[in-house]
Amino acid sequence: MAGRYWLMKVEPTAYTIADLERDGVTGWEGVRNYKARNYLRDEIGPGDGVLFYQSNADPSGVAGLAEVVKGGYPDPTQFEKGHHYHDPQSARDAPRWYTVDVRFVERFRDVVSLAAIKENPKLRGMMVTRRGMRLSVQPVDTPHFDEVVRMARAT
DNA sequence: GCCAACGTTGGC
DNA sequence: GCCAACGTTGGC
């Protein structure tokens with residue numbers, strides 16, 4: 001199956017596109033929402049494209065691109081006692097939470113802001129523009145992905 | 001910092 | 001299994 005596209009959110013106080021550029025590859029840990037978990041576990045695979053979205057930021061928006069290099073596997077932090085993401089209700093033989101590995105691809109010179117995304121009629125209907133949309137892993141339509149990249153390059 | 005929207009929890 | 005209370009997200 002052809003690669004698919006996703007938007008993944010993170011707060012810059014936790015992790016930024018600059019951190020990913022430094023690290024090269026990182027595990028997208030700490031997702032604790034079932035819908036997002038299902039995407040991570042069942043649908044996201046190597047080669048998929050990722051819009052790296054920074055939320056609660058100034059401005060919030062897409063800061064760059066990443067690529068999935070490893071599909072869904074159990075998020076190790078759920079088993080680490082004392083870890084912020086530790087989940088005592090998750091069993092090793094039946095992990096509740098999943099993660100994927102992503103690789104740095106590109107850091108946009110300027111963030112494609114949520115405001116700019118909302119203003120672009122070509123991006124109408126994109127999930128992230130929906131009010132109250134808190135899902136931290138979202139599918140993105142190919143034309144929407146391409147348009148965001150185009151916006152990042154058109155300065 | 002406010003608060004609307006949404007997800008999860010827990011009493012019944 | 002309903003639904004109110006509570007906690008979290010995240011734009012503004």
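Labels below follow one simple rule: chain letters A, B, ... track the order of the sequence lines, proteins then strands, and each chain is numbered from 1.
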Checklist entry - Taking only residues at least two apart or on different chains, which pairs with a member in residues 61-71 of chain A satisfy salt bridge (Lys or Arg N to Asp or Glu O under 4.0 Å)? => result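 As it turns out, the salt bridge (Lys or Arg N to Asp or Glu O under 4.0 Å) pairs with a partner in residues 61-71 of chain A, which skip direct neighbours, are A:E67-A:R103.
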Next on the checklist: Regarding A:Y73 and A:D101, do their side chains bring together a donor and an acceptor under 3.5 Å, going by distance alone?
Outcome noted: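 Side chains of A:Y73 and A:D101: pair found under 3.5 Å.
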Validation: residues 116-135 of chain A side-chain donor-acceptor distances under 3.5 Å, sequence neighbours left out:
| from | atom 1 | to | atom 2 | distance (Å) |
| --- | --- | --- | --- | --- |
| A:N120 | OD1 | A:K122 | N | 2.8 |
| A:N120 | ND2 | A:E147 | OE2 | 2.7 |
| A:T129 | OG1 | A:M126 | O | 2.5 |

Checklist entry - Which of residues 113-129 of chain A have a heavy atom under 4.0 Å from DNA chain C? => result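 The answer is A:L114, A:K118.
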Enumerate all atom pairs, one protein N or O and one N or O from nucleotides 1-3 of chain C, separated by less than 3.5 Å.
none

List the atom pairs, donor and acceptor, that lie under 3.5 Å between side-chain atoms in residues 84-98 of chain A and the rest of the protein, sequence neighbours left out.
| from | atom 1 | to | atom 2 | distance (Å) |
| --- | --- | --- | --- | --- |
| A:D87 | OD1 | A:Q89 | N | 2.9 |
| A:D87 | OD2 | A:R96 | NH1 | 3.2 |
| A:D87 | OD2 | A:W97 | NE1 | 2.8 |
| A:S90 | OG | A:Q78 | OE1 | 2.7 |
| A:S90 | OG | A:R96 | N | 3.0 |

Item to check | Sequence-distant partners of A:D42, side-chain contact (heavy atoms from CB on, under 4.5 Å), two or more places apart | outcome: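 A:D42: side-chain contact (heavy atoms from CB on, under 4.5 Å) contacts with A:N38.
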Item to check | Sequence-distant partners of A:A18, side-chain contact (heavy atoms from CB on, under 4.5 Å), two or more places apart | outcome: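 Once residues adjacent in sequence are excluded, the partners of A:A18 under the side-chain contact (heavy atoms from CB on, under 4.5 Å) criterion are A:T16, A:R107.
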Looking at residues at least two apart in the chain, or sitting in another chain, which of them share a side-chain hydrogen bond (donor to acceptor under 3.5 Å, both in side chains) with [X]?
X	answer
A:E80	none
A:W6	A:D48
A:Y15	A:D23

Checklist entry - A:Y53: what forms a ring-ring contact (aromatic ring centres under 6.0 Å, His included) with it, not counting sequence neighbours? => result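 If we apply the ring-ring contact (aromatic ring centres under 6.0 Å, His included) test to A:Y53, skipping adjacent residues, there are no hits.
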Using nucleotides 6-10 of chain B, report all nitrogen or oxygen pairs with the protein that are shorter than 3.5 Å.
| from | atom 1 | to | atom 2 | distance (Å) |
| --- | --- | --- | --- | --- |
| B:dC6 | O2 | A:R134 | NH1 | 2.6 |
| B:dC6 | O2 | A:R134 | NH2 | 2.7 |
| B:dG7 | O4' | A:R134 | NH2 | 2.9 |

